[in-house]
Amino acid sequence: MPELPEVETIARGVNERLRGDCIVEVWFSSYKEPFKTAPAKQADGLEGLVIQRVRRVGKHIVCDLGENVDGPSSGQWIVHLGMSGRLLVTTPEADVAPHTHARLTLASGREMRFVDPRRFGRLEFRVLAKSGAFTGPGAEPLTITADEFAALFRGRRLAIKAALLNQSLLHGVGNIYADESLFRAGIRPKRMAGRLKREELDRLRMALQQVLRQAIEQGGSSVSDYVDANGVRGFFQLEHRVYLRGGQPCLVCATPIRRIVVGGRGTHFCPVCQH
DNA sequence: CATTTCACCTGGTGGC
DNA sequence: TGCCACCAGGTGAAAT
């Protein structure tokens, strides 16, 4: 479910509700998939620490942890939601959804739960002294400069859509916002990244930042089942102009939106508005 | 090295 | 109703 705007919305929600709370007990499911760090190690690391801040890095939710809210951090809990992951703040009495893989009991009496039917998500505990702070694989789309953005694609022979999805270049962009930003910039998804003119790359960066900011304002896109930390759906899906609109008329020129596959992902574009 | 393809999972939808 | 093919917000390993 989650790309940058959805992850940002969830991280903000969890931060607002759980900043300063202490993790007193941790439960993990017996599935092995979600654990980048062994469950027992994660539980050892997490129990007793205070949540200082919850923030987004790329598509990762990073919880900074320490002895006190304001003191130095000693560890980080890093949640990647994969395709179907949810991170929820609940009461302990709330029904436990199927595919719940983690439950963190907090001193305030609430719980943070990780639910992930497809099990593509990942949970990791980092000891700061050992691994250093998590910075993510690539550049941040919302703060990257025009020069840095242009440099990412120089000499690259892959499709611009595939390049946008490459997290080690830019992190946080996924299938929805790649298609939506390319439409808004008027660029075809299969264009070779390294052949785009500087003016086109400038347009793409502006379109991408605008669409991401607007999506964050609207709480992200709920295509099927995405909800934020409070269980509330986003509504940026109402603003989608091409994503999952194959065969439907372009909202600008009424030409049917085309669906193709680029880099193994469903890709949607207008053959008239995009060049 | 850069790029492409596919496996990893469950669940929903639509055709027959 | 059942069965099947296909699709879905992502990534990383393997192949090219």
Side-chain angles (χ1 to χ4, degrees), chain A residues 1-11 29-36 56-61 78-87 97-101 114-124 134 136-138 141 151-182 189-195 208 211-212 215-216 218-229 233-248 257-268:
Chain A
M1 72 173 153
E3 303 180 34
L4 185 152
E6 293 75 35
V7 177
E8 178 73 30
T9 302
I10 293 167
S29 76
S30 53
Y31 287 116
K32 69 173 192 293
E33 282 87 350
F35 303 110
K36 230 173 144 170
R56 175 195 63 78
V57 176
K59 292 177 191 171
H60 300 260
I61 298 166
I78 297 166
V79 178
H80 192 293
L81 298 168
M83 286 278 250
S84 60
R86 299 180 183 194
L87 195 63
H99 309 291
T100 297
H101 294 128
F114 173 68
V115 182
D116 184 15
R118 291 178 73 177
R119 288 186 256 151
F120 289 167
R122 291 292 178 267
L123 303 176
E124 177 184 3
F134 179 78
L152 291 180
F153 305 106
R154 206 160 290 147
R156 303 209 171 260
R157 306 184 59 76
L158 75 172
I160 183 61
K161 156 102 181 221
L164 285 173
L165 294 178
N166 182 341
Q167 301 296 295
S168 60
L169 296 177
L170 269 185
H171 58 205
V173 181
N175 211 29
I176 296 176
Y177 301 100
D179 281 4
E180 292 296 322
S181 60
L182 286 167
K190 276 184 136 165
R191 290 276 303 282
M192 193 187 289
R195 290 244 181 96
L208 179 61
V211 80
L212 292 173
I216 291 168
Q218 313 220 8
S221 298
S222 289
V223 172
S224 63
D225 59 359
Y226 159 75
V227 289
D228 71 13
R233 289 169 60 86
F235 46 101
F236 191 74
Q237 66 279 7
L238 302 175
E239 307 294 332
H240 292 178
R241 299 188 191 163
V242 287
Y243 181 71
L244 291 187
R245 293 196 65 245
Q248 296 175 52
I257 297 301
R258 209 170 277 172
R259 182 190 184 276
I260 59 175
V261 175
V262 179
R265 314 296 304 279
T267 297
H268 316 79

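Below, chain A is the first sequence line, B the second, and so on; all start at residue 1. All values reported here derive from a predicted model rather than from experimental measurement.
- Here A:Gly174 lies in heavy-atom contact (under 4.0 Å) with sugar-phosphate atoms only.
- A distance-only check finds a donor-acceptor pair linking the side chain of A:Arg156 to the backbone of A:Leu152 [under 3.5 Å].
- Ranking B:dT10, C:dA8, B:dA2 by closeness to the A:Arg119 side chain, first place goes to B:dT10.
- Nucleotide C:dG9: unpaired (no Watson-Crick or G-U wobble partner with both distances less than 3.5 Å).
- As rounded to whole Å, 9 Å separates atom C1' of C:dG10 from atom CD of A:Glu3.
- The distance between atom CZ of A:Arg233 and atom C1' of C:dG9, rounded to the nearest whole Å, is 13 Å.
- Distance check on atom P: B:dC6 versus C:dC6 gives 14 Å, rounded to whole Å.
- Using a 4.0 Å heavy-atom distance criterion, A:Ser168 is classed as making no nucleic acid contact.
- The CZ-C1' distance, from A:Arg156 to B:dA2, rounds to 8 Å in whole Å.
- A straight line from OH of A:Tyr243 to P of C:dC7 spans 12 Å, rounded to a whole angstrom.
- Checking the phosphate oxygens (OP1, OP2) of C:dT11, a side-chain nitrogen or oxygen of A:His80 falls inside 4.0 Å.
- For A:Asn166 and B:dC1, the CG to C1' distance is 13 Å, given to the nearest whole Å.
- The side chain of A:Arg259 places an N or O atom within less than 4.0 Å of a non-bridging phosphate oxygen (OP1 or OP2) of C:dA8.
- In this structure, CG on A:Leu212 lies 8.5 Å from CZ on A:Phe236, to the nearest 0.5 angstrom.
- C:dG12 and B:dG11 have their P atoms separated by 23 Å, given to the nearest Å.
- Across all strands, A:Arg122 comes closer than 4.0 Å to no nucleic acid atom at all (heavy-atom distances).
- Under 4.0 angstrom from either OP1 or OP2 of C:dG9 there lies no side-chain N or O belonging to A:Tyr177.
- Among the candidates A:His240, A:Arg245, A:His268, A:Arg265, the single residue satisfying the side-chain hydrogen bond (donor to acceptor under 3.5 Å, both in side chains) test with A:Asp179 is A:His268.
- For A:Arg233, the CZ atom counts as densely surrounded, since its 6.0 Å shell holds more than 12 non-hydrogen atoms of other residues, nucleotides or ligands.
- Defined by atom type and a distance below 3.5 Å, a donor-acceptor pair is missing between the side-chain atoms of A:His101 and A:Asp116.
- With rounding to whole Å, A:His101 atom NE2 is found 9 Å from B:dT10 atom P.
- In the model, A:Tyr177 has a side-chain atom that pairs as donor or acceptor with a side-chain atom of A:Glu6 under 3.5 Å.
- Neither OP1 nor OP2 of C:dG9 sits under 4.0 Å from any side-chain N or O of A:Lys59.
- Atom-to-atom, OH of A:Tyr31 to P of B:dT10 comes out at 7 Å; the value is rounded to the nearest Å.
- Stacking between A:Phe120 and C:dT11 is absent: the ring centroid is not both under 5.5 Å from the six-membered base ring centre and under 30° in plane angle.
- Between A:His99 and B:dG11, a side-chain N or O to OP1/OP2 separation shorter than 4.0 Å is present.
- Taking only side-chain nitrogens and oxygens, A:Gln167 never comes nearer than 4.0 Å to OP1 or OP2 of C:dG10.
- Side-chain proximity of A:Pro2 to the nucleotides C:dG10, B:dT3, C:dA8 is greatest for C:dG10.
- Between A:Arg118 and C:dA8 there is no side-chain polar atom (N or O) within less than 4.0 angstrom of OP1 or OP2.
- The CD1 atom of A:Ile160 sits 11 Å away from the P atom of B:dT3 (whole-angstrom rounding).
- Within the 4.0 Å cut-off from OP1 or OP2 of C:dG9, at least one side-chain nitrogen or oxygen of A:Arg265 is found.
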